[in-house]
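Just so it is clear: chains get the letters A, B, ... in the order the sequence lines come, proteins before strands, and each one is counted from 1.
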Amino acid sequence: MAAGVEPADAESDPDPWRPFVDALVRACVDAFAAEKVPATAAEVISQLDLEGGAAWDVALPLHRFAKTCGRKPEELAQALCQRVGEFRWLAGASAVGAYLNFRAEPDWLIGRTLGMVLSRGARYAHTEVSGGAVCVEHTSSNPTGPFHIGRVRNAIIGDTLARVLRAAGSPVTTHYYIDDVGRQAAMITWIWSMPQSGWPEEIRDGVSKAPPRPDAELRPHVRLGRPYPFVSAYLKTHPDAAEAVAELSRRLEAGSAPPEHHALAQQILTGMLGSLERIRIAFDELVWESSFLTDGSVERVIQRLRTAPHAVREENGAWALDTSGYGLPKESSRVIVTRADGTSLYQTRDVAYHLSKFASFPRVIDVLGQDHRLHARTLEAMLAEIGEPRRPEFVIYQYITVPEGGGMSTRRGSAIYLDDLLDEAVERAKKEVLSRHTELVETEVAAIAESVAAGAVRYHIVRVAPDKSVTFRWEDALSFEGRSGPFLQYAYARASSLLRKAGEDSSLQRLGVVKLSHPDELALVQVISRLPRTIAYVARTAHVHTLAGYAHDLAEAFHRFYQSVPVLTAVEERASRLALVTAFRESLGVCLDLLGMDRLERM
RNA sequence: GGGCCCGUAGUAUAGCUUGGAUAUCACAGAGGCCUCCGGAGCCUCGGACCCGGGUUCGAAUCCCGGCGGGCCCGCCA
């Protein structure tokens with residue numbers, strides 16, 4: 001077979017299938033009209049199954065259309081098949097049962113797909129900036145100590161989503177919202193504002209008996225976060241201490257924080273962000289909650305909420321909102337706006353934050369754990385109360401639990417920390433690398449191991465649908481085979497190795513004719529051609545796990561091709577196959593970029 | 001008690017938005033593959049839609065009711 005490579009034009013739609021599907025829909029609408037069956041293009045598109053039965057087929061089930069005209073679907077399929085006739089790029093149409101199957105000319109799709117990838121390179125499947133700006137807020141963990149991997153699920157989902165939205169043509173700004181004025185922030189400052197020798201015995205004991213952390217001195221946020229869970233427990237039984245923290249909290253709100261306060265939060269946060277950098281996550285903006293107090297926006301929100309239609313004054317002076325009209329559970333039909341002492345609460349300050357987001361971004365996305373679901377609905381009610389018509393979109397994910405049952409808890413000692421998981425993954429990756437390579441120097445081995453470990457951790461978490469809870473198991477998280485990050489990176493490294501050995505003739509942008517016919521070659525092209533569609537889907541639905549699944553399919557198709565088709569030793573097909581390998585490598589590279597994983601030339 | 005989410009082979013997971021042709025993929029299990037380019041790979045086999053109703057020509061998918069698990073129901077965040 002021989003196919004001309006179609007250079008990618010200035011089309012904004014990066015989907016190689018687009019012209020074929022457009023032609024197909026037109027042909028179907030015409031055929032329906034000829035049969036006097038009412039069917040619009042939109043109806044055809046909605047029924048169209050692009051994944052089809054066999055890999056190359058686009059299928060149209062006819063049950064729905066048959067019903068509206070009272071004919072048998074099988075009979076309708078036969079009739080339509082006669083009328084669809086021929087249109088550009090159609091290799092054949094067939095009626096199978098109640099389905100109409102269309103096959104695109106393989107040569108056309110091969111040429112078009114490879115042409116698209118080879119000319120666009122790392123921009124393959126990307127859409128030119130077209131949408132409005134999007135703000136993605138994710139992670140937003142309080143600066144109270146190191147991340148356990150439950151919290152990291154938020155960061156990985158949010159970061160992946162941000163990357164995909166950018167690829168789909170939206171300018172994205174990521175936010176990490178830091179609570180530096182609430183009770184938790186006050187607790188950290190309270191305990192560290194006294195010398196350790198002066199700490200209450202329970203807290204000192206707790207810290208000294210907690211499992212030792214060899215990295216505590218190395219990572220300041222680990223050390224500074226150590227007393228937090230014990231402080232939290234201590235305050236429940238010591239009202240005097242609790243009052244001291246409350247007083248500190250009031251000072252924070254009033255803008256008269258002790259001098260060490262911000263530095264502490266900053267120090268812990270810096271350590272936490274350092275952990276996230278290990279898995280390639282960084283933020284465009286760090287947003288401090290205190291900034292909405294100092295700029296007066298919280299005060300303005302409070303004024304608006306106190307004059308809102310359902311504002312209620314409690315006897316003790318607190319202000320609340322009756323939200324029973326918003327369909328919230330009746331137990332939470334009252335939300336507090338300000339405490340009896342006049343100070344604000346998290347949900348009130350969050351309204352101010354969201355108003356500031358709406359001022360800059362037409363689209364606002366919040367990534368939240370399932371425990372914040374009610375808060376999300378409360379926030380919507382509060383926005384409605386002050387007459388704000390806009391709403392954030394919420395991406396809610398379920399928790400990561402431990403095999404013994406329950407969530408990750410620092411206090412119960414059931415938390416698995418990101419740093420620990422990465423450290424362990426790095427050790428294992430090093431062993432794997434050393435067993436394969438003797439020529440690499442130590443720094444290279446270390447860098448590769450970090451990349452493999454980070455990829456393994458990110459992939460392990462992102463591959464599961466956000467609305468499913470995950471039970472954490474070390475052996476699964478550290479698996480380097482099958483549905484794992486290293487499986488993808490290995491495919492990339494294999495392809496890189498091929499292209500390295502091929503030498504100069506891998507620059508094939510000007511390759512005129514492609515000769516590919518092996519089923520595994522066609523299957524690989526088919527998967528490559530699905531990438532733009534997949535990115536568009538993820539951008540629309542925020543189902544980031546779909547991209548992880550796609551990337552696995554892509555790598556798998558390559559491994560199969562690699563196994564069954566020789567490349568370097570091929571004679572006639574060598575150039576074509578190298579072009580295919582190049583296109584594959586770039587497509588998988590785009591996936592790795594979007595999943596926040598490193599492209600490894602060797603591993 | 002009320003609300004939200006989840007329930008697919010031994011384990012894990014896709015498909016559920018918009019019902020449609022033999023339900024995806026992995027780990028574990030059994031059996032194979034380095035005459036070629038990286039065996040972190042490939043091939044073959046066996047194995048699943050929580051239960052009960054309903055809607056429909058057709059239900060893993062939609063509706064109702066159970067059961068099981070997670071989370072929330074603070075003048076915490």
Side-chain angles (χ1 to χ4, degrees), chain A residues 46-47 49 51-53 59 61-64 66-67 72-73 96-99 101 140 142 144 179 182-185 232 249 289 314 316-320 327-333 335-341 343-347 349-350 369-377 396-399 401 405-407 429 432-433 435-437 452 463-465 467-471 473 475-476 479-491 493-494 496-498 501-502 540-541 543 545-546 548-549 552-553 555-556 558-560 562-570 577 581 602-603:
Chain A
S46 77
Q47 287 291 300
D49 180 5
E51 310 306 328
L62 296 168
H63 310 82
R64 190 133 322 160
K67 185 154 194 165
K72 282 195 163 55
V96 181
Y99 296 81
N101 291 335
S140 299
N142 292 334
T144 56
D179 166 33
R183 229 171 86 92
Q184 301 191 357
S232 177
S249 193
E289 197 171 1
E314 307 282 330
N316 63 7
W319 280 88
L328 282 92
K330 40 184 178 299
E331 296 83 358
S332 37
S333 60
V335 50
I336 303 299
V337 174
T338 53
R339 297 186 180 89
D341 63 9
T343 55
S344 66
L345 282 96
Y346 158 74
Q347 57 263 28
R349 299 190 292 267
D350 210 22
Q370 61 169 331
D371 53 333
H372 280 64
R373 188 145 224 155
L374 180 60
H375 170 255
R377 299 187 59 188
I396 309 275
Y397 65 93
Q398 306 293 308
Y399 272 1
T401 60
E432 296 281 340
V433 176
S435 73
R436 289 172 178 77
H437 300 274
V452 170
R463 56 182 252 232
V464 182
D467 55 10
K468 299 238 191 186
S469 60
V470 173
T471 304
R473 292 191 181 83
E475 64 271 27
D476 294 346
S479 168
F480 289 175
E481 51 185 42
R483 277 183 52 185
S484 70
F487 179 91
L488 308 186
Q489 288 171 316
Y490 178 60
R494 256 185 160 181
S496 300
S497 176
L498 272 182
K501 291 195 169 131
R540 194 177 76 246
T541 61
H543 291 174
H545 66 288
T546 308
H552 179 265
D553 289 350
E556 186 181 48
F558 173 73
H559 283 307
R560 256 202 272 272
Y562 183 94
Q563 195 76 23
S564 54
V565 184
V567 177
L568 297 179
T569 56
R577 289 180 182 160
V581 173
R602 23 172 86 76
M603 61 186 278

Under 4.0 Å from OP1 or OP2 of [N]: is there any side-chain N or O of [X] that close?
X	N	value
A:Arg183	B:C75	no
A:Tyr490	B:A40	yes
A:Arg560	B:C43	yes
A:Lys468	B:C5	no
A:Ser479	B:C27	no
A:Arg339	B:G74	no
A:His545	B:G15	yes
A:Lys67	B:U56	no
A:Lys501	B:G38	yes
A:Arg494	B:G39	yes

Q) Okay, side chain of A:Arg339, backbone of A:Ser344: is any donor-acceptor separation there less than 3.5 Å? A) yes
**Q.** Side-chain donor or acceptor of A:His437 paired with backbone N/O of A:Met603 under 3.5 Å
**A.** yes
Q. If you take atom types as modelled and just measure distance, does the side chain of A:Asp341 reach the base of B:C75 with a donor-acceptor pair under 3.5 Å?
A. no
(Q) Between the base of B:A26 and the side chain of A:Asp476, is there a donor and acceptor pair under 3.5 angstrom? (A) no
Just checking [X]: base, sugar-phosphate only, or nothing, at a heavy-atom cut-off of under 4.0 Å?
X	answer
A:Val335	nothing
A:Ala98	nothing
A:Arg436	base
A:Phe487	sugar-phosphate
A:His543	nothing
A:His63	base
A:Arg540	base
A:Glu556	sugar-phosphate
A:Val464	sugar-phosphate
A:Glu481	sugar-phosphate

What integer number of Å spans the [atom1] atoms of [N] and [M]?
N	M	atom1	value
B:G7	B:A12	C1'	13 Å
B:U55	B:C62	C1'	8 Å
B:U56	B:C43	P	44 Å
B:C49	B:G53	P	16 Å
B:A59	B:A23	C1'	13 Å
B:C71	B:C33	C1'	48 Å
B:G74	B:A28	P	47 Å
B:A77	B:C72	C1'	13 Å

Picking from [options], which would you name as closest to the side chain of [X]?
X	options	result
A:Glu289	B:A77, B:C71, B:C5	B:A77
A:Arg483	B:A21, B:A14, B:U13	B:U13
A:Ser497	B:G38, B:C71, B:A77	B:G38
A:Gln184	B:A40, B:A77, B:C37	B:A77
A:Asn316	B:C36, B:C75, B:A77	B:C75
A:Gln563	B:A77, B:C42, B:G3	B:C42
A:Val567	B:G38, B:C75, B:C37	B:C37
A:Leu498	B:C42, B:A26, B:C37	B:C37
A:Met603	B:C76, B:A26, B:A40	B:A40
A:Tyr562	B:C4, B:C6, B:G39	B:G39

Mind calculating the distance between [atom1] ([X]) and [atom2] ([N]) to the nearest angstrom?
X	N	atom1	atom2	value
A:Arg64	B:A59	CZ	C1'	13 Å
A:Ile336	B:C76	CD1	P	9 Å
A:Asp467	B:U13	CG	C1'	13 Å
A:Leu374	B:C5	CG	P	13 Å

Identity of whatever pairs with [N] - Watson-Crick or G-U, under 3.5 angstrom:
N	result
B:A9	none
B:G1	B:C73
B:A30	B:U44

(Q) Rounded to the nearest 0.5 Å, what separates atom CG in A:Asn142 from atom CD in A:Gln184? (A) 4.0 Å
Q: Supply the atom-to-atom distance A:Tyr346 OH to A:Glu289 CD, rounded to the nearest 0.5 angstrom.
A: 8.0 Å
Q. Taking the six-membered ring of A:Tyr562, is NZ or CZ of A:Arg494 closer than 6.0 Å to its centre and within 45° of its axis?
A. yes
Q) Taking side chain as C-beta onward, heavy atoms only, is A:Asp350 less than 4.5 Å from A:His375? A) yes
Q.
Quick check: do A:Tyr490 and A:Glu481 have side-chain heavy atoms less than 4.5 Å from each other?
A. no
